[in-house]
Every structure is written in structure tokens, then in C-alpha cells.
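When reading the values below, keep in mind they use all heavy atoms of this one structure, side chains included, and skip hydrogens, waters and symmetry mates. Being a predicted model, the structure only gives us computed values, none of them experimental.
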Amino acid sequence: MGEVKLHGSWSSPSTYGVIWALSLKGIPYEFVERDLTNKTPLLLHEKVPMLVHGGKPIFESDVILEYIDETWMQNPLLPTHPLDRGAARSWIRFIQNKRSVVWKMLCYEGEEQKKAKREILEMLQILEEQGIGEGKFFNGEKIGIVDLAYGVLVEWLGVIEDVTSEKVMEANSFPQLHAWSMAFMEAPTIRENRPNREWMVMTFKHLREHLLKKPRSSEVSLKDGILFCELFQCVLDLISLLCNSL
């Protein structure tokens with residue numbers, strides 16, 4: 001099948017979604033930690049994660065996940081029925097369109113942070129009422145591609161909650177989501193490949209301090225609907241700054 005390499009960063013949420021998928025499939029791979037201070041020609045667009053299979057690179061986490069599922073047939077991540085597959089892709093698109101709202105809670109304070117929190121609560125309510133089915137996970141009793149997408153969100157939402165001291169995913173408010181989250185995070189393959197929570201909280205505290213010090217005019221693009229990848233670049237820039245200061 002060819003050698004598999006995953007180029008990623010410990011600070012990249014999407015990197016862990018791919019790590020989880022490879023682990024669930026039992027695919028051996030080499031992890032290449034992205035040196036944020038040294039750009040290489042191979043990393044087109046300077047994005048992570050990037051999967052390299054047989055020497056050919058593949059970008060974008062959702063594309064990588066589907067490629068993995070189509071290439072290695074064991075432990076399928078997408079449902080078999082076309083209608084269920086379409087529904088899965090719709091829920092993934094839903095969360096992709098909402099990710100920037102989660103990061104706004106980290107980047108703002110005061111009324112703007114409260115607004116972001118309200119939007120997150122609305123998103124979680126939709127998931128609670130319409131997204132969670134009768135099974136243990138989104139599509140039944142086994143972890144699938146939708147679980148991976150939302151697992152990434154919940155992992156980093158928890159970090160942001162710790163950093164901002166703002167709790168949003170309360171068990172009593174979202175019992176089904178909370179039960180799903182506990183089942184997902186405690187699954188052996190996921191539990192063994194989670195990021196270091198303490199280090200993430202420390203890093204994102206530095207990020208928040210950095211962003212809140214920026215002049216108001218520099219945040220206009222975020223107010224206008226900055227994309228998740230643009231905001232996450234701030235994380236990479238900050239980590240690069242921290243690395244250079246050591």
C-alpha cells in the first residue's frame with residue numbers, strides 16, 4: 001500500500017482527528033512533527049495536517065479522513081448507505097461552519113465573548129436535539145467519521161473552557177452530548193492518543209493574552225467572519241514566537 005507519513009503539529013486540532021482515524025484503522029504510520037520555525041517545500045500551503053501516502057501528499061483533514069476510509073476498508077468510518085453517508089457529511093459541514101465561533105470565545109472578552117458563548121450554546125442545542133441518535137455514537141455503536149470531527153471540537157472546546165473559565169457543555173444541559181463525549185474520550189484508541197491537556201491549556205492561555213493585547217483595528221477581519229484556518233494561524237505564530245524565545 002505504500003509508506004504512510006502524517007505531517008502535523010501537537011497544537012493542531014485536526015491533526016488529532018487524523019491520528020485517531022489511522023489508529024482506529026490499525027494503519028502503521030510515521031508521524032512527522034511540523035517544525036513551525038522552518039518551512040519546507042513539501043508542506044504546500046504550509047498547512048497541517050498533511051498525509052503522505054506512497055510519496056503523494058494529501059491536504060485538508062476532511063479529505064484525508066475520507067481518503068483513509070476509502071483506501072483501507074477495515075473498520076469503516078463512513079456509513080454504507082448513501083443517505084446515511086450524505087447525512088454524515090452534512091453534520092461534518094455543520095461543525096466546519098461553526099468552528100470559528102468556538103475560537104471567538106477564546107479571542108474575545110466582555111460582550112463579544114458572551115455573544116460567542118450564546119452561539120456555541122445554540123450549536124450544542126442543535127446537536128443535542130438533532131445530531132445524537134439512539135446509539136452510543138453518532139452513527140451507532142462504533143466510532144465513525146462524524147465522531148472524529150466532533151471529538152476534535154469537544155477536545156479543544158474543553159481547553160478553551162479551562163482557559164476562559166467559561167463552561168458551556170454542561171452535563172445537565174446537554175445530557176446526550178455529555179454521554180457521547182464521555183464514551184468517545186474513554187474509547188481506548190482515542191484515550192491513548194489524546195493531546196497533553198495541561199500543555200494545551202498553558203499554550204492557549206498565552207495565545208489568549210497575545211490576542212487580547214492586539215489593537216482593535218487588527219481584529220476587524222475576525223469580526224467580519226474570519227475562517228478557522230486563519231485564526232488558527234495565530235496559534236502557529238504564537239508557538240513559533242515562544243520557540244524562538246527559548
Side-chain angles (χ1 to χ4, degrees), residues 1-82 84-97 99 137-140 142-156 184-185 187-196 200 227-233 235-236 239-240:
M1 294 291 288
E3 183 182 37
V4 178
K5 291 184 179 182
L6 173 60
H7 292 252
S9 170
W10 62 268
S11 61
S12 162
S14 298
T15 293
Y16 284 90
V18 178
I19 289 174
W20 293 339
L22 291 169
S23 300
L24 287 167
K25 291 275 189 178
I27 303 167
Y29 68 96
E30 177 187 351
F31 183 75
V32 181
E33 179 70 33
R34 163 83 178 276
D35 182 356
L36 301 175
T37 64
N38 182 28
K39 298 181 179 181
T40 64
L42 181 60
L43 288 170
L44 304 176
H45 319 303
E46 297 302 325
K47 285 186 177 182
V48 292
M50 178 183 72
L51 188 76
V52 179
H53 185 206
K56 296 183 179 180
I58 305 167
F59 300 93
E60 305 295 346
S61 59
D62 55 335
V63 176
I64 293 173
L65 292 179
E66 291 214 24
Y67 175 80
I68 290 172
D69 202 37
E70 292 173 357
T71 304
W72 292 274
M73 305 302 292
Q74 68 272 24
N75 300 326
L77 300 174
L78 273 168
T80 55
H81 194 282
D84 293 333
R85 292 169 75 91
R89 291 187 176 105
S90 295
W91 281 115
I92 292 172
R93 181 62 59 85
F94 174 77
I95 198 60
Q96 288 175 338
N97 293 337
R99 285 185 298 189
F137 299 107
F138 272 86
N139 195 49
K142 293 184 178 181
I143 292 175
I145 198 167
V146 179
D147 298 288
L148 298 180
Y150 283 89
V152 168
L153 170 77
V154 169
E155 183 74 75
W156 265 259
F184 178 80
M185 293 303 178
T189 302
I190 305 301
R191 185 178 64 246
E192 294 165 6
N193 292 282
R194 292 180 65 183
N196 185 311
M200 292 303 300
L227 296 175
F228 169 79
C229 60
E230 293 175 322
L231 180 56
F232 189 70
Q233 187 61 47
V235 180
L236 303 184
I239 297 172
S240 177

For the residue pair Val18 and Pro49, what are the closest heavy atoms and their distance? CG2-CG, 3.8 Å
Side-chain heavy atoms of Asp147 within contact of Trp20, under 4.5 Å: no
Closest non-hydrogen contact found for Trp156 with Trp10 is CZ2-O, 4.4 Å
Looking only at non-hydrogen atoms, find the nearest pair between Ser9 and Glu33 and report the distance. CA-OE2, 3.5 Å
Tell me which pairs pass salt bridge (charged side-chain N to carboxylate O under 4.0 Å, His left out) where either residue lies in residues 17-29, with sequence neighbours left out. Lys25-Asp69
Which value, rounded to the nearest 0.5 Å, describes the distance between Leu51 atom CG and Thr71 atom OG1? 8.5 Å
From Met73 CE over to Asn75 CG, what is the distance, rounded to the nearest 0.5 angstrom? 11.5 Å
OG1 of Thr15 to CZ of Phe31: how many Å apart, nearest 0.5 Å? 5.5 Å
Heavy-atom closest pair, residues Pro57 and Met50: CB-SD, 3.7 Å
Answer yes or no: is there a side-chain heavy-atom contact under 4.5 Å between Val146 and Phe137? no
Working to the nearest 0.5 Å, report the span between CG of Leu24 and OG1 of Thr189. 5.0 Å
Supply the atom-to-atom distance Leu6 CG to Leu22 CG, rounded to the nearest 0.5 angstrom. 6.0 Å
Distance col, row Ile145:CD1 vs Glu66:CD, nearest 0.5 angstrom, shows 5.0 Å
Is there side-chain contact between Val52 and Glu3, with at least one heavy-atom pair below 4.5 Å? no
Are side-chain heavy atoms of Tyr16 and Asn193 found at a separation under 4.5 Å? no
Suppose we screen for side chain to side chain contact (heavy atoms under 4.5 Å, CB included). Which residues come up paired with Ala21, at least two apart in sequence or across chains? Leu65, Ile68, Leu77, Leu148
Of the non-hydrogen atoms in Ala149 and Ile95, which two are nearest, and what is the gap between them? CB-CG2, 4.3 Å
Can you give me the closest heavy-atom contact between Glu155 and Pro195, atom names plus distance? OE1-CD, 3.7 Å
Residue that, paired with Phe138, satisfies ring-ring contact (aromatic ring centres under 6.0 Å, His included) out of Trp91, Phe94, Tyr150: Tyr150
